[in-house]
Trainee: 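Starting off with a structure, shown below.
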Number of protein chains: 2
Amino acid sequence: MTNLLKNKKISETPFRKEVLSIFTKYNNAIPLSIVEKELREYNRITLYRTIKIFLEKGIIHEIIITGEKSNYAICQEECVTNLHYHQHIHFKCNRCGIVSCVEIGKFPAIILPKYKIEQLEIQATGLCKKCNA
Amino acid sequence: MTNLLKNKKISETPFRKEVLSIFTKYNNAIPLSIVEKELREYNRITLYRTIKIFLEKGIIHEIIITGEKSNYAICQEECVTNLHYHQHIHFKCNRCGIVSCVEIGKFPAIILPKYKIEQLEIQATGLCKKCNA
DNA sequence: TTATTATTGCAACAATGTTGCATAAAATAA
DNA sequence: TTATTTTATGCAACATTGTTGCAATAATAA
Ligand SMILES: [Mn+2]
Ligand SMILES: [Mn+2]
Ligand SMILES: [Zn+2]
Ligand SMILES: [Zn+2]
């Protein structure tokens, strides 16, 4: 993770470095509102474009849970494009509200007869490990 | 399913009946754009409010898949509120583009140590049974 | 250092969704 | 059926979210 931006072949600008550092700082997924607050100087349009290119280059991925605003999290795996294939679960805690990527021992194998499943997205809501303790 | 609107204790208006008939006509989930096209006379605001109350009363549920517009489908189960607990999978076909609710034999049991899972949402993308044939 | 290429930020726009309020319609009571 | 109450509708106006053209600026390559 020395130089993710250069590795992904996008120019390294102060704005992008700051956005990236915000995502790496958090251990969970965050919505744009948090990125905005963390940025000391922010431009709406540039942020949208930054999010877009980070998604395209496989730097972050988007988590959309019904009733929530979009959340974004760093890709742990080596995602090359915006076609992500994460073997983890997206969890939304109903108490603290945090959305996070949770690794799971064995990712379930879903079989639908006659269908061909290429990608799976599993979302769970409930109580996170902190709030459930 | 004689009178769903009355059963759910919301007034029965021509607009709501027409929207409901559109949802029942389709065997898959549909986005608002299709509802609009099917309605002969439509008002944007009234449609939004109709969708909202249908969601609240458990008449329809929303399916949000990354990169797609929201899709809506009739609730098969007896959903009372907007807290849905469907034991099916939301499938998006990458060829025909259709989003549908697919029943599955045994719904997977996900176990995350220390977490308490209250609801699960499983989304799959790939080829539907028609496109995979 | 210079030339080339890509990013930024402004303005303007587009799409999506919400709210107050007067009118109209539906449900309920008489 | 008719009168009363309750709820839905549609307009206008606004709010939020996301996009695009373009000139200035900054980053990369030569
Ligand atoms: Mn994730
Ligand atoms: Mn469904
Ligand atoms: Zn929590
Ligand atoms: Zn298909």
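Note that this is a predicted model, so its numbers are computed, not measured. Letters go in sequence order (proteins before strands), and every chain restarts at 1.
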Trainee: Considering heavy-atom distances to DNA chain C, does I45(B) or P14(B) have its closest nucleotide positioned more toward the 5' end?
Mentor: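 Whichever sits nearer the 5' end wins; that is I45(B).
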Trainee: Calculate the interatomic distance between L47(B) atom CG and dT16(C) atom P; express it in whole Å.
Mentor: 12 Å
Trainee: Give the rounded distance in Å between these two atoms: CZ of R49(B) and P of dT16(C).
Mentor: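 Distance, rounded to whole Å: 19 Å.
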Trainee: Could you state the atom-to-atom distance from CG of N43(A) to C1' of dT20(D) in whole Å?
Mentor: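 Taking CG of N43(A) and C1' of dT20(D), I get 14 Å after rounding.
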Trainee: Report the residue (Y48(A) or F15(B)) whose heavy-atom-nearest nucleotide on DNA chain D is the more 5′ of the two.
Mentor: F15(B)
Trainee: Write down the distance between NZ (K69(B)) and C1' (dT16(C)), rounded to a whole number of angstrom.
Mentor: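 The distance from NZ of K69(B) to C1' of dT16(C) comes to 9 Å, rounded to the nearest Å.
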Trainee: Has N27(A) got a side-chain atom pairing as donor or acceptor with K25(A)'s backbone, closer than 3.5 angstrom?
Mentor: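 A pair under 3.5 Å: no.
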Trainee: CZ of R44(B) versus C1' of dA12(D): gap in Å, rounded?
Mentor: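 Answer to the nearest Å: 11 Å.
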Trainee: Please state how far atom CG in L5(B) lies from atom C1' in dA27(C), giving the value in whole angstrom units.
Mentor: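 That distance rounds to 14 Å.
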Trainee: What class does the angle between the rings of H61(B) and H88(B) fall in, given that below 30° is parallel, 30 to 60° is tilted and above 60° is perpendicular?
Mentor: tilted
Trainee: Phosphate oxygens OP1/OP2 of dT19(D): is one of them under 4.0 Å from a side-chain N or O of K52(A)?
Mentor: yes
Trainee: At less than 4.0 Å, is any side-chain N or O atom of S11(A) found next to OP1 or OP2 of dT7(C)? Yes or no.
Mentor: yes
Trainee: Would you mind reading off the distance between I10(A) atom CD1 and dT7(C) atom P, rounded to a whole angstrom?
Mentor: 7 Å
Trainee: Any donor-acceptor pair under 3.5 Å linking the side-chain atoms of Q123(A) with those of E121(A)?
Mentor: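 Note: E121(A) and Q123(A) side chains meet the donor-acceptor criterion.
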Trainee: Side chains of E62(B) and S70(B): any donor to acceptor distance under 3.5 Å?
Mentor: yes
Trainee: Under 4.0 Å between a side-chain N/O of T13(A) and OP1 or OP2 of dT8(C), yes or no?
Mentor: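 The answer is yes; a side-chain N or O of T13(A) sits under 4.0 Å from OP1 or OP2.
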Trainee: Please report, rounded to the nearest Å, how far the C1' atom of dT16(C) is from the OH atom of Y72(B).
Mentor: 10 Å
